[in-house]
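Only this structure's heavy atoms are used, side chains among them; waters, hydrogens and symmetry mates stay out.
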Amino acid sequence: MPDTRGDRAVVLGASMAGLLAARVLADAYAEVVVVERDELPHSAAHRRGVPQSRHIHGLLTRGQHALEELFDGVTAELLDLGSPTGDMLEDIRAYVGGHRLQPGPSGLLALQASRPLLEASLRARVRVLPAVAFMDQCDVAGLTTTYDGGRVTGARVIRRLDGSAEQTLTADLVVDATGRGSRTPAWLEMLGYPRPPVERVRTGLAYASRTYRLVPGLLDGDVGILTAATPGHPRGGALAVMENDRFLVTLFGILGDRPPTDPKGFTDFAATLQFPDIHDVLHDAEPLDEPVPFRHPASVRHRYERLSRSPEGLLVLGDAVCTFNPIYGQGMSVAALQALALRAHLQQHTEPRPVGFFRQIGRIVDVPWSMATGGDLAFPDVPGHRTVRMRVLNRYLAMLLAGAAHDPRLGRAFLRVAGLVDPPQALLAPGVAARVLRAGLHRPSSAPPAAGRPARQLQR
Ligand SMILES: Cc1cc2nc3c(=O)[nH]c(=O)nc-3n(C[C@H](O)[C@H](O)[C@H](O)COP(=O)(O)OP(=O)(O)OC[C@H]3O[C@@H](n4cnc5c(N)ncnc54)[C@H](O)[C@@H]3O)c2cc1C
């Protein structure tokens with residue numbers, strides 16, 4: 001029995017944030033009940049509540065470290081299950097800011113598990129925790145509170161299968177991890193609390209993705225290709241090699257530009273990207289499914305950290321707090337960092353303090369949110385206020401990425417910041433800034449693409 005903060009914690013939602021929360025709460029509560037609307041599979045499978053799993057899910061370096069802190073040995077397990085790996089700079093052909101990042105060792109691991117495999121691995125590890133019980137095929141209908149609304153005392157749930165009557169799960173703590181459709185803001189309002197202020201950045205992002213069979217030699221040993229959108233060419237795409245000899249291609253457009261989901265239209269869209277690499281691969285590849293779409297109209301941040309009061313016994317995590325623009329691959333990593341913050345919070349306090357906890361996770365969200373929205377607002381048609389600082393930083397970043405076409409140390413510095421390993425200020429460190437300036441002075445007027453590499457065995 002752990003040194004308990006209470007008898008029971010209830011987690012709403014069993015996707016990434018819910019599983020990570022359950023892992024942490026199992027060390028602090030006698031019982032943890034995870035309530036999920038879907039039937040939870042016992043293998044790596046797509047499910048209705050997580051439609052985004054059909055699209056590329058990159059794990060940032062800091063996120064991979066955080067997962068390892070929470071689930072010791074999970075990286076090795078994913079490798080055993082066939083997840084391809086490589087070096088982020090050496091083995092992923094990355095075109096960012098209109099330049100091919102010069103390959104070179106970065107020391108940053110690219111762990112390419114598909115989203116269903118990653119979630120299934122974490123779910124299997126949470127299932128075996130003695131304190132944890134899953135209640136799947138159950139809808140969360142609302143919260144229960146004390147008479148004065150000062151404390152959340154549980155959740156109201158309805159079993160989907162038999163349509164049975166609503167039941168109440170009493171709890172010392174409820175954690176909302178129901179993702180972008182979270183109803184906590186509405187529940188707070190119904191209880192007489194202010195809703196958290198909301199910030200939105202509308203990019204009108206549209207994804208389409210398709211899976212293909214991987215044949216040896218197809219990618220010259222690379223484990224991925226990234227063609228990031230730029231203001232001058234606002235379409236992008238990515239290719240990720242995954243377990244079971246497959247690769248997944250995700251294409252995207254912004255502001256109403258949607259990749260088609262008919263097979264020919266999908267391939268033709270790939271041909272319009274700024275660099276031909278993804279289209280070249282698709283040309284001869286064998287598709288394993290049909291293209292599937294996803295719309296992501298806006299990044300949405302609920303500013304829970306600005307609440308001065310909130311009921312006791314209720315916390316919120318993951319996409320329910322902040323839904324990032326997925327092209328930056330931040331959501332799962334930020335959820336993992338929030339789970340680590342929850343663990344630290346529970347170690348510090350005999351009982352969770354929602355207002356203080358929200359401030360802690362607000363600080364975690366700050367950096368990835370400002371990096372992502374700064375990137376989005378570099379696109380002139382994305383509505384939003386551009387600060388002078390943002391414009392200057394975007395200009396500097398463009399120079400850095402141009403330098404990274406020749407200098408792998410600049411590419412490495414960029415990937416360490418994008419991967420949340422280093423703070424953004426690291427890009428302004430004297431050693432990096434000097435390289436950016438030097439690269440600017442010596443750059444030929446039209447930079448040739450970085451040299452290709454000889455074919456070699458696929459890394460698994
Ligand atoms: C297209 C796309 C691509 C993405 N790519 C990346 C990427 O490359 N890298 C990355 O790190 N992140 C990526 N993300 C973000 C990532 O998917 C999320 O950040 C991550 O899943 C964490 O979300 P979550 O667990 O908070 O919510 P979700 O994953 O949305 O899960 C919410 C869960 O709650 C359940 N639920 C909802 N309502 C109820 C209810 N009333 N009752 C019971 N259960 C309920 C749902 O069924 C679901 O299981 C992407 C997102 C999208 C949309």
State, yes or no, whether a side-chain contact exists between Asp27 and Leu25 at a heavy-atom distance under 4.5 Å.
no
Is there a donor-acceptor contact under 3.5 Å from the side chain of [X] to the main chain of [Y]?
X	Y	value
Asp319	Arg180	no
Glu39	Asp136	no
Asp139	Ile158	no
Glu166	Ala141	no
Arg210	Asp289	yes

Under the ring pair (Phe, Tyr, Trp, His ring centres under 6.0 Å) rule, what pairs show up with a residue in residues 296-331, not counting sequence neighbours?
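For residues 296-331, and leaving out neighbouring residues, the ring pair (Phe, Tyr, Trp, His ring centres under 6.0 Å) pairs sorted by first residue read Tyr304-Phe358.
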Any ion pair linking [Y] and [X] (charged N to carboxylate O, less than 4.0 Å)?
X	Y	value
Arg62	Glu69	yes
Arg363	Glu305	no
Glu351	Arg151	yes
Arg8	Asp172	no

Once rounded to the nearest 0.5 Å, what's the spacing between atom [atom1] of [X] and atom [atom2] of [Y]?
X	Y	atom1	atom2	answer
Arg54	Glu290	CZ	CD	12.0 Å
Glu77	Asp72	CD	CG	11.0 Å
Arg127	Leu19	CZ	CG	9.5 Å
Leu226	Leu239	CG	CG	10.5 Å

Cut-off 3.5 Å, side chains only: do Arg115 and Ser15 have a donor facing an acceptor?
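There is such a pair (donor and acceptor under 3.5 Å, judged by atom type) between the side chains of Arg115 and Ser15.
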With no hydrogens and no angle check, do the side chains of Arg47 and Ser53 hold a donor and an acceptor under 3.5 Å apart?
no
Stepwise salt bridge (Lys or Arg N to Asp or Glu O under 4.0 Å) test for Glu199 and Arg301:
CA-CA 5 Å; Glu199 271 175 42; Arg301 181 174 183 184; 5.6 Å; no
Just distance, no hydrogens or angles: give the donor-acceptor pairs under 3.5 Å from side chains in residues 258-266, sequence neighbours left out.
{"residue": "Asp262", "atom": "OD2", "partner": "Gly265", "partner atom": "N", "Å": "2.8"}
{"residue": "Lys264", "atom": "NZ", "partner": "Asp268", "partner atom": "OD2", "Å": "2.5"}

According to the interplanar angle, ranging from 0 to 90°, do the rings of Tyr95 and Phe275 count as parallel (below 30°), tilted (30 to 60°) or perpendicular (above 60°)?
parallel
